[in-house]
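Take a look at the structure below.
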Amino acid sequence: MTDTVSSINQEQAGYRPAAEARDFIALLKPRVMSLVVFTAFVGMLAAPGELHPVLALASIVLIAIGAGASGALNMWYDADIDTEMSRTAGRPIPAGRITPGEALGFGLTLSFASVVLLGLVANVTSAALLALTIFFYAVVYTMWLKRRTPQNIVIGGAAGAFPPMIGWAAVSDSVTIESIVLFGIIFLWTPPHFWALSLFIKKDYEKVSVPMLPVVAGEQETRKQIWLYSLLMVPCGLAPFFMGFAGMFYGIVSAALGTCFLVLAFYVWRGEAKADRKLFLFSIFYLFSVFAALAGERIVGGLIA
């Protein structure tokens, strides 16, 4: 009885449970961060030159922190719509476990620290690219594009495509055509990946007036755009093989997975049942696998050498 009365009094007084470490980790969007870390690592492996293993590990950690910082800033700005969407209502800010001010301070502190330290650990080129990534995701995508245009994912997708370039630059202190191709794979992969997701959570976006393509242009146009972007992405995925910085194994993996991607995208275009969900899930597997194939070749080649 005493516990019940105490709980009621706490609610009436605006009581908020203390934030735990896992709440701050959730602000970093760890699932997204894991893909960022992996593609940045592959960029490091693929780049010409060498970086001391300790410095390489430190660079990866700092890239992860920078990516997480942009996620925290995204959650701070989007707290109002996250409250209304079933997919995001359980995030730390909408759930009341972290205040918007705490999230903003956390995100800004990690952003500044990760960029400065990466510049000291690796080089200014990689630090500048990390700063651009954070700015692009937090400001260009989240604050400017997301609520204004159905092209939000197309333009804003650049933020998620920078990590392999950052990893490449951390080792080589340069931006080359090869690193731009790695950027291009993720950049062209992002629209079909997210538009496939938006097809089956369309109502969430309608509820908060976010102009995702299915909401603004309709499902049929979205399905067509998924198909068109897939046709552009698959050749870009094969480019590392034809340009000579990936081997036969990568070429076979990329060609096989690209064919499967196109088949699923074609089914989505035709409007087949649950094809959008299947493409969304497969797209994650596709991106991980092509980058893993490139990494595997480099690791095996290094061991043989």
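Being a predicted model, the structure only gives us computed values, none of them experimental. We number each residue from 1, following the sequence as shown. Note: hydrogens, waters and symmetry copies are ignored here, and every other heavy atom, side chains too, is used.
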Can you tell me if [X] uses its side chain to pair, donor with acceptor, with the backbone of [Y] under 3.5 Å?
X: Ser283; Y: His193; result: no
X: Glu297; Y: Phe249; result: yes
X: Asn74; Y: Ala138; result: no
X: Lys207; Y: Glu84; result: yes
X: Glu178; Y: Phe245; result: no
X: Ser114; Y: Leu110; result: yes
X: Arg298; Y: Val42; result: no
X: Ser172; Y: Trp168; result: yes
X: Arg223; Y: Gly218; result: no
X: Thr149; Y: Gln151; result: yes

Taking the side chain as every heavy atom from C-beta outward, state whether [X] and [Y] have any atom pair closer than 4.5 Å.
X: Phe187; Y: Met233; answer: no
X: Pro214; Y: Tyr205; answer: no
X: Thr133; Y: Val36; answer: no
X: Val139; Y: Trp144; answer: no
X: Met165; Y: Leu182; answer: no
X: Leu73; Y: Thr142; answer: no
X: Ser34; Y: Val37; answer: no
X: Ile63; Y: Phe41; answer: no

Drop me the distance from [X]'s [atom1] to [Y]'s [atom2], to the nearest 0.5 angstrom.
X: Thr125; Y: Leu118; atom1: OG1; atom2: CG; value: 10.0 Å
X: Ser70; Y: Leu130; atom1: OG; atom2: CG; value: 8.5 Å
X: Leu238; Y: Ile252; atom1: CG; atom2: CD1; value: 11.5 Å
X: His52; Y: Leu57; atom1: NE2; atom2: CG; value: 11.0 Å
X: Arg147; Y: Asp80; atom1: CZ; atom2: CG; value: 4.0 Å
X: Leu35; Y: Lys29; atom1: CG; atom2: NZ; value: 13.0 Å

Counting heavy atoms not belonging to [X], are there more than 12 under 6.0 Å from its [atom1]?
X: Glu50; atom1: CD; result: no
X: Phe136; atom1: CZ; result: yes
X: Tyr267; atom1: OH; result: no
X: Phe112; atom1: CZ; result: no
X: Phe194; atom1: CZ; result: no
X: Trp269; atom1: CH2; result: no

Same cluster or not: [X] versus [Y], using hydrophobic residues (I, L, V, M, F, W, Y) connected whenever any side-chain heavy atoms lie under 4.5 Å apart?
X: Leu120; Y: Val124; answer: no
X: Leu197; Y: Val216; answer: no
X: Ile186; Y: Ile177; answer: yes
X: Leu279; Y: Phe200; answer: yes
X: Met248; Y: Leu294; answer: yes

Give the minimum heavy-atom separation between [X] and [Y], together with the two atoms involved.
X: Ala295; Y: Leu45; result: CB-CD1, 3.7 Å
X: Ser111; Y: Ala69; result: OG-CB, 3.3 Å
X: Tyr229; Y: Pro192; result: CB-CD, 3.8 Å
X: Met75; Y: Pro92; result: SD-CD, 4.3 Å
X: Leu27; Y: Ile98; result: CD1-CD1, 3.7 Å
X: Val290; Y: Ser254; result: CG1-CA, 4.1 Å

*Do Phe183 and Phe162 make the cut of ring centroids closer than 6.0 angstrom?*
yes
State plainly whether the residues [X] and [Y] are in salt-bridge range, i.e. N to O under 4.0 Å.
X: Glu221; Y: Lys224; value: yes
X: Lys202; Y: Asp276; value: no
X: Arg91; Y: Asp78; value: no

_Ile155/Tyr141 under side chain to side chain contact (heavy atoms under 4.5 Å, CB included): CA gap, chis, key distance, verdict_ = CA-CA 7 Å; Ile155 304 169; Tyr141 169 67; over 6 Å; no
*Classify the angle between the aromatic ring planes of Phe261 and Tyr286 as parallel (below 30°), tilted (30 to 60°) or perpendicular (above 60°).*
perpendicular
